[in-house]
Visitor: 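Below is a structure I'd like to ask you about.
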Amino acid sequence: MRAPALLRDDLDANLKFRIHSRMGYSLKPAAPYSRRNFLRNAAGLCFLVPMFRNRLFGQPALAPAAAAGPWFADIARRSGLAAFRDTCGSPAKDYLVETVGSGVALFDYNNDGLLDVLLVNGSTLQILKDSSLPRTSSRLFRNNGDGTFTDVTKASGLVNEGWGMGVAVGDYDNDGHRDVFISNYGQNRLFHNNGNGTFSDITREAGLAGGNWSTGCAWGDYDRDGRLDLYVSRYVDFDPANIPAPGAYNYCLYQGVPVACGPRGLPGLSDLLYHNEGGGKFREVSADAGVRDTDKAYGFTVVWCDFDNDGWLDAFVANDSMPNYLWRNKHNGTFEEIGMEAGCAVSADGRPQSSMGVAVDDYDNDGWMDMLVTTFSEDYKTLYHNTRGQFDDVSYAAGLGSTTYSQLGWGAGFVDFDNDGWPDIFVANGHIYPQADKGSNHYLQHNQLLRNLRDGRFELISDAESGFTEAWSSRGAAWGDLNNDGAVGIVVNNIDQAPFCYVSARRTGNWVRVKLTGTKSNRDAIGARVRVTTGKLTQTAEVRSGESYLSTCDSRLHFGLGDAGTVDKLEIRWPNGQSESREGLASNREHAFVEHA
């Protein structure tokens, strides 16, 4: 998870490696180079720190405080969510599994129209060894509709007592009730929503137990058969009995201070792809589908998205300390890995970064889905701009270089928090090493809000203006309209602490929310794409389950409209390729659409 050495030479000849022209230089690819050769040589490459940190190369000054007050207020304590604590090993964090934290999901489990909150919980090595110790568990909080939440975990049966990591929510059996998959260090869990406020653990019957150390998970219908399939990324083949002590090797040091070992130096695990066979059964098809993770990369967050606008879902996997994967859908049930060729496997200066979380959206409203990948501290968070399926690292030109360099990022999202029609950026931060305070960094870090300047650049909002005044070691983050008032809130899972529950504290522009229900397509309409046009501005969004960092956000699509009172045109492309449109829709309300049978 530490920032790796940088690559400067011997890049893949097909890598679309286009450093932004304003940086004033370019690198020429060498002879054809495979991913395996890339990894074999990466360890010996020299460290190169990006040098472009002035306004000429997109580093805006800190945004001044506004008279309108902070953007957000944290209501975790008065809402009831502060009753939860994410247990994550010992305070010293001597083992890697104790450092990575867990995700969060926002979804309506009881179909009452309100977003409920599921906070995934970790555990300790002592609890796993001693069955007599009290178990930790994920916690489900029901939204009461008045700004408060009630813990309904036991009554619901949604009890994950393993060492929880990620969560993906999706109606895999198309019965109208959203089901929950939780990845674990240990056996994974699938909870079927019974439709009466309760869940049943059907993991073994479904064939989704997996095992060892699973992390990211995401639902998506990759073959467009109307049933949700599941991608599960995996991290390290981790056995505490065989892990070196902190400081034992160079991959067990941070700025000369002994810390938890890994992931470098530890064996990785291949990812898993499950095809939904129907009847509540799944089949692991990674080899048959061409998703052959032969490098056994250290996988974290996985996101399904149609990155090349061909109507079929591709999969991006953020890998820690190794090149990222981009699995291009070949429309026949198989994939090919094109991360290097597409330009999103490594940074602009050729480094396989320590990638954790992934934000996906069309931040510049050009109709193509871009990505922000969060990374380790002492490294910038990488903004990949999508140009017709090819990605450019524009991090410094966009203003994300020095402003994100010191932080260690996890959950992240492009969200239009001020409803002006342009997605802003949220990043959840927190170091993995409590020992970072002995070096030049800090274990507890502030989360960050960056305002979209509408010209491809972002400006950092101060802690006082954002409202992110309390620093913890944050991990998973999910967002959605918790109050159904048109203002998007954020729930953040913090290691060893209560979560944050950020709600809007200022007036914003007009908005519209879109809720889709599939009939021929999967019922959640995961993979559907919506375009909203107001005047000369057209925004694009896609329904997904699994993003940020090991988390699931509101599946309803939110669009800021600024001063516009109506939507001129709304276009829907359903997951099966069928399209429809509407005109003259009113603002400041939710519009629900059901796919034509």
Visitor: Can you tell me how the ring of F414 sits relative to the ring of F458, calling it parallel under 30°, perpendicular over 60° and tilted otherwise?
Guide: tilted

Visitor: Give the intermediate values and the outcome of side chain to side chain contact (heavy atoms under 4.5 Å, CB included) for residues F181 and V232.
Guide: CA-CA 10 Å; F181 178 84; V232 180; 3.8 Å; yes

Visitor: I'd like to know if the side chain of S355 and the backbone of V373 have a donor-acceptor N/O pair within less than 3.5 Å.
Guide: no

Visitor: Would you call D496-K93 a salt bridge at under 4.0 Å N-O?
Guide: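 Yes, charged N to carboxylate O under 4.0 Å.
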
Visitor: Counting N and O atoms only, with roles assigned by atom type, does the side chain of T404 sit under 3.5 Å from a partner on the main chain of K381, one being a donor and the other an acceptor?
Guide: yes

Visitor: Checking the side chain of S79 only, and the main-chain atoms of G147 only, is there a donor and an acceptor separated by less than 3.5 Å?
Guide: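 Not a single qualifying donor-acceptor pair exists.
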
Visitor: Hey, does the side chain of D86 reach the backbone of G122 with a donor-acceptor pair shorter than 3.5 angstrom?
Guide: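 Between the backbone of G122 and the side chain of D86 there is a qualifying donor-acceptor contact (under 3.5 Å).
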
Visitor: If only atom types and distance count, is the side chain of E547 paired as donor or acceptor with the main-chain N or O of A412 below 3.5 Å?
Guide: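 Not a single qualifying donor-acceptor pair exists.
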
Visitor: With no hydrogens and no angle check, just 3.5 Å: does a side-chain donor-acceptor pair link T382 and S395?
Guide: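 Side-chain D/A pair, T382 to S395: absent.
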
Visitor: With sequence neighbours excluded, what pairs up with S548 under the side-chain contact (heavy atoms from CB on, under 4.5 Å) test?
Guide: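 Partners of S548 by the side-chain contact (heavy atoms from CB on, under 4.5 Å) criterion, ordered by chain and then number, come out as A477, W479, S551.
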
Visitor: Tell me, do D295 and P323 make a side-chain contact under 4.5 Å, heavy atoms counted?
Guide: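 Answer no - side chains too far apart.
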
Visitor: Parallel, tilted or perpendicular: which describes the rings of Y433 and Y254, with under 30° parallel and over 60° perpendicular?
Guide: tilted

Visitor: Looking at R234 and D293, is there a salt bridge between them, counting it only when a charged N and a carboxylate O are closer than 4.0 Å?
Guide: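 R234 and D293: not salt-bridged.
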
Visitor: N429 and side chain to side chain donor-acceptor pair (under 3.5 Å): which single residue from Q448, Q407, H442 fits?
Guide: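 So, applying the side chain to side chain donor-acceptor pair (under 3.5 Å) to N429 and each of Q448, Q407, H442, only Q448 qualifies.
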
Visitor: Under 3.5 Å, is there a donor on one side chain and an acceptor on the other for Y502 and N447?
Guide: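 Yes, side-chain donor-acceptor contact under 3.5 Å.
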
Visitor: Judged by atom type as modelled, is there a donor-acceptor pair below 3.5 Å linking the side chain of Q255 to the main-chain atoms of S440?
Guide: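 Confirmed, Q255 side chain pairs with S440 backbone.
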
Visitor: With no hydrogens and no angle check, is any side-chain donor or acceptor of S183 less than 3.5 Å from a backbone partner on T215?
Guide: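 Yes, the answer is positive, given that a donor and an acceptor are paired below the 3.5 Å cut-off.
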
Visitor: Taking C-beta and beyond as the side chain, do L118 and R139 meet within less than 4.5 Å on heavy atoms?
Guide: no

Visitor: Is it the case that R475 places NZ or CZ above or below the six-membered ring of W410, under 6.0 angstrom from the centre and within 45 degrees of the axis?
Guide: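 Pair R475/W410 counts as cation-pi.
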
Visitor: Report yes or no: does N324 contribute a side-chain atom to a donor-acceptor pair with the main-chain N or O of N319 at less than 3.5 Å?
Guide: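 Pair found, side chain donor or acceptor close to backbone of N319.
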
Visitor: Under 3.5 Å, is there a donor-acceptor pair between the N144 and T150 side chains?
Guide: yes

Visitor: Give a yes-or-no answer on whether the side chains of Y363 and N452 include a donor-acceptor pair shorter than 3.5 Å.
Guide: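 No, no side-chain donor-acceptor pair sits under 3.5 Å.
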
Visitor: Looking just at side-chain N and O atoms, do N121 and S138 make a donor-acceptor pair shorter than 3.5 Å?
Guide: no

Visitor: With a 4.5 Å limit on heavy-atom distance, are the side chains of T124 and T87 in contact?
Guide: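 Yes - at least one pair of side-chain heavy atoms lies under 4.5 Å apart.
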
Visitor: Using atom types as modelled and distance alone, determine if a side-chain donor or acceptor of R457 lies under 3.5 Å from a backbone N or O of G399.
Guide: no

Visitor: For a quick check under 3.5 Å, do H558 and D481 share a side-chain donor-acceptor pair by atom type?
Guide: no

Visitor: Are the ring centres of F500 and F72 closer than 6.0 Å?
Guide: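 So the answer is no for these two rings.
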
Visitor: Contact between D416 and D424 at the side-chain level, heavy atoms closer than 4.5 Å - yes or no?
Guide: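 Touching, per the 4.5 Å side-chain cut-off.
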
Visitor: If you draw a 6.0 Å radius around OH in Y95, do more than 12 non-hydrogen atoms from other residues or ligands fall strictly inside?
Guide: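 No, OH of Y95 has 12 or fewer neighbouring heavy atoms, counting only those of other groups under 6.0 Å.
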
